[in-house]
Amino acid sequence: MIRPPDEIPSGSAEAEFPVNGTSGLEDICSFSLDEFEVDYTTCSEPEIDLHSACTDFFAPGGTLSQLAKINGRPCEERPQQLEMALAIATALQRNENLCVEAPTGIGKSFAYLIPLIFRSQICRRPALISTETINLQQQLIEKDIPFLREATGIPFRAALAKGRQNYVCRRRLALLSGDQRDALLPVPSLVLDTERLIRKLENGLDGERGSAGDSIDPSVWQLVCSESGNCAGAKCEFYRNCYYFKARRQWDEADIVVANHALFLTDLAIRSEGGGGALLPDYGAVLIDEAHTLENNAAEYLGVRLSQPGIVSMLNKLFNPERMRGLLMHPGSRMPELRQLTAHARDEAYGFFAPYTELVHRSQENSLRLKNVPDEFPDRLTPALTELGKSLDEALEELDDNAFRTELEGARERCRSTIDALNIFSNRQMPDAVYYIEENNKATSLHVSPLNIPELLQSILFSNDIPVMLCSATLTVRNSFDYFVSRTGFSGGEMIKLDSPFSPEQAKIIIPRELRDPNDEDYLSSLVKNIRKYVELTSGKAFVLFTSYQAMRYCAEMLQDEFEEKGWRLLLQGGELSRNRMLEEFRNDVNSVLFGTDSFWTGVDVPGESLSMVILTRLPFASPGHPLIAARLDRITESGKSSFAHYSLPEAILKFRQGAGRLIRSRTDTGYIVILDPRVISKGYGRGFLDSIPYGVVF
């Protein structure tokens, strides 16, 4: 694994009860802490019966229902929640894997947290919970876990783990605040951002990126954040008060650690390579929530990515010849030579990516698969970085300034890791992988994504000596886990599909009689007409989900003025608002309409009146033109199977289930799911989509 994650992704989860207002818990909790005085260095035969503990908590009349009465809330019986909790308890006690499809509304976060909490009292190794989204992490850490700590009376410890680049490095901040500040900052105006960050830290900021807010420029954060390559660890003068290692100590002491898939898979890759250096504590159980994204996350974080902006930025930190700024403006006899070598490597970085950029432009696509690196694409970047790294080694032998030395050591390590990644890409060193170019926002990147994800995960995840439990609302196709297993390699335990707690009567599916095929030239005008018609039914309050940015922007342009006249605010993905801010505005403005693409099909939770209709403009088949998708299809075809039946269709059905699942989030929700793709009734495979959701159809 070459490229560590830069930031932690996002999500959602059910909130059964508030954190506050739990007075009287000690009177109804039937658990005595005396039972939990167990001192094991690893998990041993449990002295606590996890099944009984889960049953006592979730059963009618149990702890959870009594807490509901204290809080003045009706207690909804959730047999699926208890079933899931007992299944996880069994997997933990048997040290087996488990895969659970847990529909929205069963309270899955409580269902897995309760057995993990009781497990924490009989096992010194923590349990790791990995999620796809930030929202779900926040839900677990800020609401669910504090409530359950009080509810059970168990003083377990929990911590949120983030990548080290989310924390300020005190040594780097001191360096940026010293005599070299003007040389290090890309532009003089960023002095104000630096001073603002220093004041925040002096006023009690915990040194974590999220706490700093949006007032800190990203380029300043890159100069002060913690990085593995230039960290001196215990030898650093700031080690005792280091923000990152303080967080690490909290993870090490925790019973439950919450991370995201990016950090978890990066850590998993490091562990599989051996040699130490793991990012996460030595966990004894893994719970992967939002597991429907496991294959795509594994393809990204177990692969390689090289970007032109990333490499140029790395070199600019050393020396930017255009602005005469950077670390190498430090006085010293070797600095002029190092500046020259850095400027040369920077030129070669631009030169290295230029033919790839031109190639993808000629294809008139945003991405392009590469079967082989063309002979006319020379790699002069690797020799330039090698020479720079060698000269940095020589300069390091003569340096006495420890802070500056540490920065140069980090630069040398980044040169080496970049050379390793270039070698993998240029010499095709990763077998059974797809190599491709991608351009986003005029930035070119090169990718190596493994295609043998099932074999990889089976080897490094599902065959270990700890239980690995997966859950998501959408894992099955036609009530079978076969497709999910074929894509992830899950093995070593049971697979359970739970029933939905919601009634099929809560929603209706609307399929207009007059629909245009997505390939027809008047498809977009038909789309506008139908969106206008059906949003009227709910006076806004609608998600309109697209599979194409172009189609979304066209419909928004055609409907914007009409919606404004009716008092419906149109929230359009890709505008000024972030995804989370769009959702916040949508929840607050009950008559608004949200137009979104891929990221709004999943991981979005808007219960209540604000969302009364979901319009699916097109069946969400993955684009066969994307190199990773095309390579997956080719791999299936080469095995003698139908790529449509064994990938395109089941993948689209799962995405369809995710999109439709945005509508009903509680037992009181009602509404409509409108499908504007005629293939759902005109094609034989359309029945698979309709059968995947439980609601009746209205034509």
Side-chain angles (χ1 to χ4, degrees), residues 1-6 9 97 130 132 163 260-275 277-279 286 288 290-307 310 356 367-373 417-438 440 445-464 468 470 483-492 622-639 641 643 646-648 650-651 654:
M1 209 292 304
I2 299 297
R3 180 188 57 101
D6 294 326
N97 299 333
S130 178
E132 167 73 4
N260 73 324
H261 295 345
L263 183 58
F264 167 62
L265 287 165
T266 302
D267 176 80
L268 190 66
I270 292 171
R271 291 170 188 263
S272 68
E273 292 168 0
L279 304 175
V286 176
I288 301 177
E290 301 175 309
H292 58 279
T293 66
L294 183 57
E295 181 189 12
N296 287 336
N297 275 285
E300 181 175 1
Y301 293 104
L302 300 181
V304 172
R305 179 177 181 269
L306 288 157
S307 77
Y356 292 105
S367 56
L368 180 68
R369 185 177 180 181
L370 279 178
K371 296 293 179 72
N372 292 292
V373 175
S417 64
T418 302
I419 290 169
D420 289 342
L422 286 165
N423 193 26
I424 291 172
F425 181 85
S426 298
N427 297 315
R428 296 298 190 267
Q429 290 194 336
M430 184 178 290
D432 208 356
V434 57
Y435 295 72
Y436 62 97
I437 319 165
E438 196 162 56
N440 286 313
S445 56
L446 307 176
H447 300 256
V448 184
S449 296
L451 295 171
N452 57 337
I453 295 299
E455 295 84 356
L456 278 176
L457 292 180
Q458 210 286 323
S459 172
I460 66 177
L461 179 61
F462 298 122
S463 297
N464 292 332
V468 178
L470 314 179
Y483 176 71
F484 181 74
V485 171
S486 74
R487 304 310 307 172
T488 63
F490 174 81
S491 62
S623 170
H626 189 280
L628 179 56
I629 304 302
R632 287 173 176 171
L633 297 176
D634 288 348
R635 194 170 191 258
I636 293 171
T637 301
E638 289 166 4
S639 72
K641 298 178 181 177
S643 60
H646 290 273
Y647 184 83
S648 298
E651 194 70 20
L654 287 173

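Keep in mind that the numbers below use all heavy atoms, side chains included, and drop hydrogens, waters and symmetry copies. Fair warning: this is a prediction, and the values are worked out from it, not measured in the lab.
Remark: E651 pairs with no residue by the salt bridge (charged side-chain N to carboxylate O under 4.0 Å, His left out) rule, at least two apart or across chains. By the side chain to side chain donor-acceptor pair (under 3.5 Å) test, R635 is found to be paired with D432, residues two or more places apart in sequence or in another chain being considered.
Note that OH of Y647 and OG1 of T637 are 12.5 Å apart. Values are rounded to the nearest 0.5 Å. Distance check, rounded to the nearest 0.5 Å: CD1 of I270 to CG of L279 gives 4.0 Å. L457 CG to L302 CG: the interatomic distance, rounded to the nearest 0.5 Å, is 6.5 Å. Separating the CD1 atom in I288 from the OG1 atom in T293 is a distance of 9.0 Å, to the nearest 0.5 Å. Taking CD from E300 and CG from L628, the interatomic distance works out to 10.0 Å, rounded to the nearest 0.5 Å.
Side chains of F264 and L461 form a contact here, defined as non-hydrogen atoms less than 4.5 Å apart. Between Q429 and N423, some side-chain heavy-atom pair lies under the 4.5 Å cut-off. Using a 4.5 Å cut-off on side-chain heavy atoms (C-beta onward), I629 and L633 make contact. Side-chain atoms of V434 and R369, non-hydrogen and from C-beta on, do get closer than 4.5 Å to each other. Considering only heavy atoms from C-beta on, I437 stays 4.5 Å or farther from S367 through its side chain. Contact check for Y435 versus L446: no side-chain heavy atoms found under the 4.5 Å cut-off.
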Practice problem: Check the pair E295, R632 against salt bridge (Lys or Arg N to Asp or Glu O under 4.0 Å), reporting the backbone distance first and the verdict last. | Solution: CA-CA 12 Å; E295 181 189 12; R632 287 173 176 171; 3.5 Å; yes
Practice problem: In sequence, state the C-alpha distance, the side-chain angles, and the governing distance for T488 and Y483, and then conclude on side-chain contact (heavy atoms from CB on, under 4.5 Å). | Solution: CA-CA 9 Å; T488 63; Y483 176 71; over 6 Å; no
Quiz item: Are L263 and Y301 close enough, and set up right, to give a side-chain contact (heavy atoms from CB on, under 4.5 Å), and what steps lead you there?
Solution: CA-CA 9 Å; L263 183 58; Y301 293 104; over 6 Å; no
Quiz item: For F462 and F490, what are the C-alpha separation, side-chain angles and deciding distance, and is it a ring-ring contact (aromatic ring centres under 6.0 Å, His included)?
Solution: CA-CA 6 Å; F462 298 122; F490 174 81; 5.3 Å; yes
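The backbone N or O of A278 sits nowhere less than 3.5 Å from a side-chain atom of D267 that would complete a donor-acceptor pair. Of the possible polar contacts, one joining the S639 side chain to the I636 backbone as a donor-acceptor pair under 3.5 Å is found. Looking at Y436, its side chain never comes within 3.5 Å of a backbone N or O of K371 through a donor-acceptor pair.
Between the side chains of E438 and S445, not a single donor N or O lies within less than 3.5 Å of an accepting N or O. A donor-acceptor contact under 3.5 angstrom links the side chains of N297 and E132, judged on distance only. Counting only N and O atoms by type, the side chains of H261 and E290 include no donor and acceptor under 3.5 Å apart.
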Name every donor-acceptor pair, under 3.5 Å, that has one atom in a side chain of residues 448-456 and the other anywhere in the protein, sequence neighbours excluded.
none

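Judged by the 6.0 Å and 45° rule, R428 forms a cation-pi pair with F425.
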